[in-house]
Protein chains: 2
Amino acid sequence: MTRMSAADRRTALIEAAFRVIAVEGVAGATTRAIVAEAEMSLASFHYAFTSREEMMRDLIQHVVANQAVAAYESARLTRDLRTAIRDGLRAFYQVVLDDPMHEEVMLELMQYALRSPALSYLPAEQYERYRAGASVLLDTAAADTGMEWLLPVDDVARIIVTVTDGLTLAWLADRDSEAGCRVIEFAATSIAALAQPLDAEHRVVPLRNDRASAERSGRTR
Amino acid sequence: MTRMSAADRRTALIEAAFRVIAVEGVAGATTRAIVAEAEMSLASFHYAFTSREEMMRDLIQHVVANQAVAAYESARLTRDLRTAIRDGLRAFYQVVLDDPMHEEVMLELMQYALRSPALSYLPAEQYERYRAGASVLLDTAAADTGMEWLLPVDDVARIIVTVTDGLTLAWLADRDSEAGCRVIEFAATSIAALAQPLDAEHRVVPLRNDRASAERSGRTR
DNA sequence: GTCTATAAAGTGATAGAC
DNA sequence: GTCTATCACTTTATAGAC
C-alpha cells in the first residue's frame, strides 16, 4: 500500500499492538491480529521488525518510557496536604475507572516482561519511575502547604504506589469504586500524618516508622 | 499406563497445570506441557477433560475455592493491636517472598479469568474471600487487645487487602523486601489507628474516615 | 481405558513476484 | 518497499488400534 518509513511503520505497529492487547490480551496479540489492526499486510510486520519478540520488546520499552505520570497531575494548589494527597489519589483512580484496559495492559506487559529474561529488568525500572513521579508531587504538595515529610520522600512515594496498585487490582477484580474511594480517604489521612509543619514549635524527631524506634525514643505515639 | 479414575486424573492434571504455569506462565501451559508434567499421554488429557478451556476453568475455580488464607494465620496472641497487624502483614509478605511464583500464578489466573466471559465473575468472588479472611483476623485481633474498629470491619479488611496486593506487585517488580517492610510498618501504624479501646472514657463518634465529617464533628484530628 | 497416529487450524517467519 | 503465497512448526482435539 502507501509507502511509509520503517520508523513510522514500527510506531504504527506498536500502537496497533497495544490496542489489540487491550481487547484480546497478550495471548491474542498475534502478528496477524496486529497487522489487521494496523491495516497492513503480514509481510510489512517482518519488514519493520525482525521478529514478534523484538516488537514486544520495543512495545514494553515504549510504554515504560512514556509512562503517563500525568495521572497524578491534578495536584492543584491547596493549603491542605491531606486534601492534596486525596485529590491526587482520586485523579489516579479516575484514570483507572475511565480507561480500565490501559491498566490491564500495563499489568499483562509487566508479567510478560518478568517472564522474558531479556526484559525482566524493566518492571523494576518502571516502578522507580512511578516513585520518582510520586516523589515530585509529594515534595511539591508538602512545600505548597508548608509541611515537611518525616520519612524519606521515596518511602512515602512507595506507600503511594502500594496504595494505587492495590486500588487498581481490587477494582479490576470487583469494580467497586465506592469501596475504593473509602480506601483513598483512609490513605490520604494516614499519609498526610507522615508530615509535620515546617515551623512546628516542638519538632518531632524524624524517626523510622516502626514501633521499636518509637519506644526507644520514649514515645508511645 | 496405570489405571486411574477420571477424578484422580483431573486432580493430577490440575496440579500439574499449576506447576507448569508457575514455571512457564499461562502461555506455556499447553496441553502437551501439562501432560508431560503429569507424566501422561496427550490422549489422557482429553479423556479427563473435554477441552483445555474446561481444565482452565476447573483450575481457576479450584484455586479460588482453596484460597490459603493460612497466609495470615500467624496472628498470635498479643496485647498490642498494632503488633498483631504488623505480624500478620509480615507473615503474608514472608509467604510471598518464600514462594513468589505462587502469587505470580494467582495474578496470571486472575487476568485469564477476567478475559474469559464465563469466568469473569470469579476474581470478585476471590477478593470477597480475601476480605472475609482478613475480617475474621481483624475481629479476633481487636477482641484480643480490647479494641473496637471505628470503621466497618469489611472496610478495614479492604485496606489490608489493598496493602498486601500493593506489596506483592511491587515486590514482584523490584524484589526490594526491605522497602516492603517499611511500608508494612506504616500500614500497621495507620490501620491500628482505626481502632479505639473498648473502655475508652471519651468515645470517639464512629465516623466515616473523611475530613469533611471530621470537621463537622469539630475535630481536626 | 490407554495408547499411537493424525487431522484441522493457527502460528511466526520467508521467498519471490512486482 | 510492498505484496501474495507458502513453508515449517505448534497447537488443540479426535480416530481407531489394542
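Values below: every heavy atom of this structure, side chains too, minus hydrogens, waters and symmetry copies. Naming: A, B, ... by sequence-line order, numbering from 1 per chain.
- Going from atom CE of A:M55 over to atom C1' of C:dA13 covers 14 Å, rounded to whole Å.
- OP1 or OP2 of C:dA13 has not a single side-chain nitrogen or oxygen of A:T50 nearer than 4.0 Å.
- At C:dC3, one or more side-chain N or O atoms of B:S41 fall inside 4.0 Å of OP1 or OP2 (strictly under the cut-off).
- For the pair A:T31 and A:A43, both in contact range of DNA chain C, the more 5′-proximal nearest nucleotide belongs to A:T31.
- In this structure, the CE atom of A:M40 is 14 Å from the P atom of D:dT4, given to the nearest Å.
- A straight line from CD of B:E54 to P of D:dT14 spans 12 Å, rounded to a whole angstrom.
- As rounded to whole Å, 16 Å separates atom P of C:dG10 from atom CZ of B:R52.
- Separating the CG atom of B:L13 from the P atom of C:dT2 is a distance of 11 Å, rounded to the nearest angstrom.
- One atom, OH of A:Y47, and another, P of D:dT2, lie 6 Å apart when rounded to the nearest Å.
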*Criterion side chain to side chain contact (heavy atoms under 4.5 Å, CB included) on A:R10 and A:F49, from CA distance to verdict*: CA-CA 7 Å; A:R10 289 162 74 101; A:F49 298 102; 3.7 Å; yes

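- For D:dG1, neither phosphate oxygen OP1 nor OP2 lies less than 4.0 angstrom from any side-chain nitrogen or oxygen of A:R9.
- At the heavy-atom level, A:M4 lies under 4.0 Å from the strands shown only through sugar-phosphate atoms.
- Residue A:H46 contributes atom NE2, which lies 14 Å from atom C1' of D:dA5 at whole-angstrom precision.
- Of the side-chain N and O atoms in A:R32, none sit less than 4.0 angstrom from OP1 or OP2 of C:dA13.
- Relative orientation of the B:Y127 and B:Y130 rings is perpendicular, given thresholds of 30° and 60° on the angle between their planes.
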